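Heads up: the structure comes next, in structure tokens.
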Amino acid sequence: MNACILQPAYSNFQAEEQVLAAAGFSLTTAHITAGNPLPEALINAEVILIRDTLLGAEVINHLTKCKAVVRYGVGYNTVDVDTLTQRNIMLCNVPDYDTDEVSTHAMAMYLTLLRRLKSRDRDVRQGIWAVDDREPMYSPQHSVLGLIGFGRIARRLLEKMQGFRPAEVLVYDPYVDLHTLSCFGVRSATVAEICSRASMISLHVPYTPDTHHLIGAQELQNMRADCILLNTSRGGLIDEKALNQALLEKRIFGAGLDVFEQEPINPNSPLLARENLIVSDHCGWYAESSMNDLRTKAAQEAVRVLRG
Ligand code: NAD
């Protein structure tokens, strides 16, 4: 067997099958169940496609023909990379299928918070029509945007936000050179400057020991009262306890979180009681089209490996 999807998370594999069949390769699926031997289809596969399944040494060391593991998506912290390396098995990922979706999601959260759509929707349904008696709202026009991380998603978000004609865009990304930043019309800034000046701060960095709690009590303390903080990257970037306190005391305007320190977030988390917070279930990446794109690109990676 050429390729095998392990613990398939989808009900059909048409996209993958089409790509592999067109290139003359076969595809199967396999499940690992506790207490049972590993399926032959997996042991003999040349390429294994996985989504969120943990892939450790206890499986990898039994693979006889495997040349590569293809991970649907960006991260690969579910895979034992050391054992793959020892066994000379490549690891491929699909990093760029959801740039549009995540940037749209960040923007949707921003606008929903900015226009207070949560409470307006609820009020109207309850018969409250208080047009002139509202908490303050702000315009996105001519605001200062802060982007922390300036990779694929942040750049796409910038493109979308340009329509609001921001007065200034501040970027913190020590790995992007100043010339590139100036080509995008943005200015390099420290996290501290972004926190003190921006009215929209969106996080687009990976979660590493360096970025753990990048936004903590101090950063939140320094933010403007009209600041909206967005996190569509990874939960650990924000100290949730400190964020809860800032939202409770209305020290910032609001926050939008698609990701959490622990996922799924405990429904009893005090954070979820905050009115000025909007949340979603790590679905920023999702759209029918991006899902199809992900599956097609994962299969294309498999074909690249199988063709040598
Ligand atoms: P990317 O690799 O294109 O960009 C990341 C940027 O972060 C790079 O420009 C890099 O230079 C910068 N960076 C790295 N370490 C940094 C640090 N310590 N300080 C500041 N900048 C740093 O990644 P991307 O595709 O734009 O994704 C960004 C984030 O979005 C990732 O954390 C990813 O896991 C997350 N993500 C979330 C979803 C979702 O569904 N919510 C989907 C896809 C990606």
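Below, each value reflects all heavy atoms present in this structure, side chains not excepted, and no hydrogens, waters or symmetry copies. Given the structure is predicted, the values throughout are model-derived calculations rather than measurements. Atoms within a ligand are numbered from 1 in the order they appear, just like the ligands themselves.
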Starting from atom 18 (N) of ligand 1, locate the nearest protein heavy atom and write down its residue, its atom name and how far away it is, to 0.1 Å.
Thr211 CG2, 3.3 Å

So for ligand 1, is Ile153 a polar contact partner (N or O within less than 3.5 Å, distance only)?
yes

As a check for students: among Glu101, His105, Arg152, identify the option with a heavy atom nearest to atom 2 (O) of ligand 1.
Arg152

Salt bridge (Lys or Arg N to Asp or Glu O under 4.0 Å) contacts touching residues 72-91 (sequence neighbours left out)
none

Contact atoms of ligand 1, heavy-atom distance to Gly284 under 4.0 Å:
40 (O)

For atom 30 (O) of ligand 1, what is the nearest protein heavy atom, given as residue, atom name and distance?
Ser233 OG, 3.4 Å

Which atoms of ligand 1 are found less than 4.0 Å from any heavy atom of Trp285?
39 (C), 40 (O), 42 (C)

Within 45° of the axis and under 6.0 Å from the centre of the six-membered ring of Trp285, does NZ or CZ of Arg51 qualify?
yes

Of Leu147, Ile201, Val205, Val191, which is the lone residue that meets side chain to side chain contact (heavy atoms under 4.5 Å, CB included) with Tyr172?
Val191

Whether over 12 other heavy atoms sit under 6.0 Å from Gln14 CD
no

Part of Val205 within contact of ligand 1 (heavy atoms, under 4.0 Å):
both

When you compare the side chain of Asn222 with that of Gln218, does any pair of heavy atoms fall below 4.5 Å?
yes

Any side-chain to backbone donor/acceptor pair from Ser280 onto His282? Under 3.5 Å, distance only.
no

Is there a side-chain contact between Ile5 and Tyr72 (heavy atoms, below 4.5 Å)?
yes

Starting from atom 12 (C) of ligand 1, which protein heavy atom do you reach first, and at what distance in Å?
Asp173 OD2, 3.1 Å

Which of the numbered atoms in ligand 1 are under 4.0 angstrom from any heavy atom belonging to Phe150?
9 (O)

Could you tell me, atom by atom, which parts of ligand 1 come under 4.0 Å of a heavy atom of Asp258?
39 (C), 40 (O), 41 (N)

For Glu168, all residues meeting side-chain contact (heavy atoms from CB on, under 4.5 Å), sequence neighbours excluded:
Val144, Leu170, Arg187, Arg197

Nearest protein heavy atom to atom 4 (O) of ligand 1, by residue and atom, and its distance?
Gly151 CA, 3.2 Å

Numbering as shown, the atoms of ligand 1 that approach His204 to under 4.0 Å (heavy-atom distance):
5 (C), 6 (C), 7 (O), 28 (C)

Which ligand 1 atoms, with their elements, are less than 4.0 angstrom from a heavy-atom of Pro174?
19 (N), 20 (C), 21 (N)

Suppose I only count heavy atoms of Tyr175 and a 4.0 Å limit; which atoms of ligand 1 are within that range?
11 (O), 13 (N), 14 (C), 15 (N), 16 (C), 17 (C), 22 (C)

Could you check if a side-chain atom of Ile265 sits within less than 4.5 angstrom of a side-chain atom of Leu272, using non-hydrogen atoms only?
yes

What residue and heavy atom of the protein are closest to atom 33 (C) of ligand 1, and at what distance?
Arg234 NH1, 4.2 Å

Residue-ligand contact Val74/ligand 1, heavy atom below 4.0 Å
no

How close does the nearest protein non-hydrogen atom get to atom 42 (C) of ligand 1, and which residue and atom is it?
Asp98 OD2, 3.2 Å

Output yes when Arg116 and Glu275 qualify as a salt bridge under the 4.0 Å nitrogen-oxygen rule, no when they do not.
no

Could you check whether Phe150 and Phe184 have their ring centres less than 6.0 Å apart?
yes

Any idea which atoms of ligand 1 are less than 4.0 Å away from a heavy-atom of Tyr172?
19 (N), 20 (C)

